[in-house]
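These notes are about the structure you will find just below.
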There are 2 protein chains.
Amino acid sequence: MAQAKKKEAVIERRSGVALWRQIADRMRREIGEGLLGEEGRMPPEVALAERFGVNRHTVRTAIAALVQEGVLRAEQGRGTFIEGRRRLAYPIRSRTRFSEGLAGQSRGLAADLLDHAVEPASLDVAKALCLSPGAPVIRLETLSHADGRPVSRARGWFDAERFAGMAEIFSRTRSITASFRELGLADYLRHSTTVTARHAEAGDLKDLQLSPGAIVLVTIAINVDAQGQPVQYSETRFAADRIELHIPGADETG
Amino acid sequence: MAQAKKKEAVIERRSGVALWRQIADRMRREIGEGLLGEEGRMPPEVALAERFGVNRHTVRTAIAALVQEGVLRAEQGRGTFIEGRRRLAYPIRSRTRFSEGLAGQSRGLAADLLDHAVEPASLDVAKALCLSPGAPVIRLETLSHADGRPVSRARGWFDAERFAGMAEIFSRTRSITASFRELGLADYLRHSTTVTARHAEAGDLKDLQLSPGAIVLVTIAINVDAQGQPVQYSETRFAADRIELHIPGADETG
DNA sequence: CGCTATTTGTGCGTATGTATC
DNA sequence: CGATACATACGCACAAATAGC
């Protein structure tokens, strides 16, 4: 295989995605994996342009997008530097707790209550919580930050009868675990987790401060009490470029 | 009954992503979630164009992309119909086995060996397998199908000394579990799994028959033998629109 | 059979965005 | 910065296939 000056065939034309956006997406990923940028310094624009087989203007457009995102910082006359931080590892285990899981990896953990309502349970929610369809459930919409950046957007449902006042308590405690405790539930376990990935929707783009085309990791989780009774059904969207999910085996379950 | 419906502001212009691609991505997702298409039949093109606030041509371009992907099927004079199948659930548990996990959900499970080599272990691989950096390891590149569609592309590393002949045996057995057994390893356990998501790269786009902009779920896994000694380090890319990962809790571990 | 309504397929002109030089 | 080429998106018109009356 002769590789004299083989351009990397990773950037596709006529794909419906502008070259600058493909390059921006790729650079964001490689920066996140530590493959691009030595000691926080990006290669010069002409080198990047040659590598991707595009004009320097196109690379500049991609860099401008990443500067806008906060991934890069360009300094005239000096170069372009990486601003981004590492990806946080979110552990999924039997006792999955948001702040415990990220504690030690980041500072400034916080969860904000964006919205809440009492509504009749949909088929999915009713099935997950073992309630009758239409039974009243509390829905909490929350946004979580770590290191000052939004990392996840969650929608959780709770039995309105058993956990009356959940929204008010959560807005004060800012913690599901603490809210459960106030409501008399000392402990709960993760029953199951389903993971998918998709493009972020408009609302999540805004809340999670993502750019169009960004990816969210979606977890659908059911938590149960010590008797195995479901207490929470939730859908959480994680910014895929800021979070990775970690599933420990039986031997390293903490 | 042309009722002036409110345009959904989900399609963004000047975002660097073509309208037809945004529409295709959104339709693919809604079809997967059952939100679009009643009884396998899509709304007519003019209705979709009105809903997304674009020209009918633009919707047609999006539909053409999904037809190319195998998600839709268009019949002149009749309509456009959904071809897609449900998303398969891939369980991640202590004894994670590819074919066992998908058995019962799909037919025609098969794994092809695309490439293999013996190479010196990189830092990551050496660390994961508890070997010295540069120690010889076997690398297997595999592609797995279910229901006649490619679902995952994996890269696995094995200690070349302990598992000599792995590539030849795998190309015959087409199963990691069976290959391990032939090499004297009767059982192995999943030590840890890390899940991320990103845009598919050019090679995966081709192998997994995806369209540009498609998403892959990436799992980084370590398997260990009964003594806790690592036997396999692997990176698997799953087509995110065909697979979801399922992590059972302690009570439903199978 | 023809007629009509519906729906997908095609052609063409034009304006704008993207990328190169 | 302008000139050029191509992709994208729109608007309109019409052809082709299907289905129901």
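Lettering follows sequence order; numbering is per chain, from 1.
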Give me the distances for all protein-to-nucleotides 9-11 of chain D N/O pairs that come in under 3.5 Å?
from: D:dA9; atom 1: OP1; to: B:L19; atom 2: N; distance (Å): 2.2
from: D:dA9; atom 1: OP2; to: B:W20; atom 2: N; distance (Å): 3.4
from: D:dC10; atom 1: OP1; to: B:R13; atom 2: NH1; distance (Å): 3.3
from: D:dC10; atom 1: OP1; to: B:R13; atom 2: NH2; distance (Å): 3.1
from: D:dC10; atom 1: OP2; to: B:N55; atom 2: N; distance (Å): 2.9
from: D:dC10; atom 1: OP2; to: B:T58; atom 2: OG1; distance (Å): 2.2
from: D:dG11; atom 1: N7; to: B:N55; atom 2: ND2; distance (Å): 3.3
from: D:dG11; atom 1: O6; to: B:H57; atom 2: NE2; distance (Å): 2.7

Exercise. Roughly, in whole Å, what's the span from CD in B:E50 to P in C:dT7?
Worked result: 13 Å
Problem set entry | Note: B:D241-B:R87 ion pair, threshold 4.0 Å (strictly below) | no
Problem set entry | A:D115: partners by side chain to side chain donor-acceptor pair (under 3.5 Å), with sequence neighbours left out | none
Exercise. Got a sec, which pairs hit salt bridge (charged side-chain N to carboxylate O under 4.0 Å, His left out) with one end in residues 57-67 of chain B, sequence neighbours left out?
Worked result: B:E45-B:R60
Write out a two-atom table: protein N or O, nucleotide N or O from nucleotides 19-21 of chain D, distance below 3.5 Å.
from: D:dA19; atom 1: OP1; to: B:R78; atom 2: NE; distance (Å): 3.2

For this session: Start with the C-alpha distance between B:D25 and B:R21, add both sets of side-chain angles, then the distance that settles salt bridge (charged side-chain N to carboxylate O under 4.0 Å, His left out), and finish with yes or no.
Result: CA-CA 6 Å; B:D25 289 340; B:R21 172 141 298 287; 3.6 Å; yes
Exercise. For the pair made of CD in B:E45 and P in D:dA15, what is the distance, rounded to whole Å?
Worked result: 18 Å
What side-chain donor-acceptor pairs closer than 3.5 Å can you find for residues 121-140 of chain A, not counting sequence neighbours?
from: A:S122; atom 1: OG; to: A:V125; atom 2: N; distance (Å): 3.4
from: A:R139; atom 1: NE; to: A:E119; atom 2: OE1; distance (Å): 2.9
from: A:R139; atom 1: NE; to: A:E119; atom 2: OE2; distance (Å): 3.3
from: A:R139; atom 1: NH1; to: A:E141; atom 2: OE2; distance (Å): 2.7
from: A:R139; atom 1: NH2; to: A:E119; atom 2: OE1; distance (Å): 3.4

Seminar exercise, completed: Residues at least two apart in sequence or cross-chain that pass ring pair (Phe, Tyr, Trp, His ring centres under 6.0 Å) with B:W20, listed by chain then number, are none
Exercise. What's the shortest heavy-atom distance between A:L48 and A:M42, and which atoms?
Worked result: CD1-CE, 4.3 Å
Exercise. How long is the line joining CD1 of A:I23 and P of C:dT18, in whole Å?
Worked result: 14 Å
Exercise. Nearest-Å distance, CZ (B:R60) to C1' (D:dT8)?
Worked result: 16 Å
Problem set entry | Reference residue A:R237; test side chain to side chain contact (heavy atoms under 4.5 Å, CB included); the match among A:T219, A:D204, A:I243 | A:D204
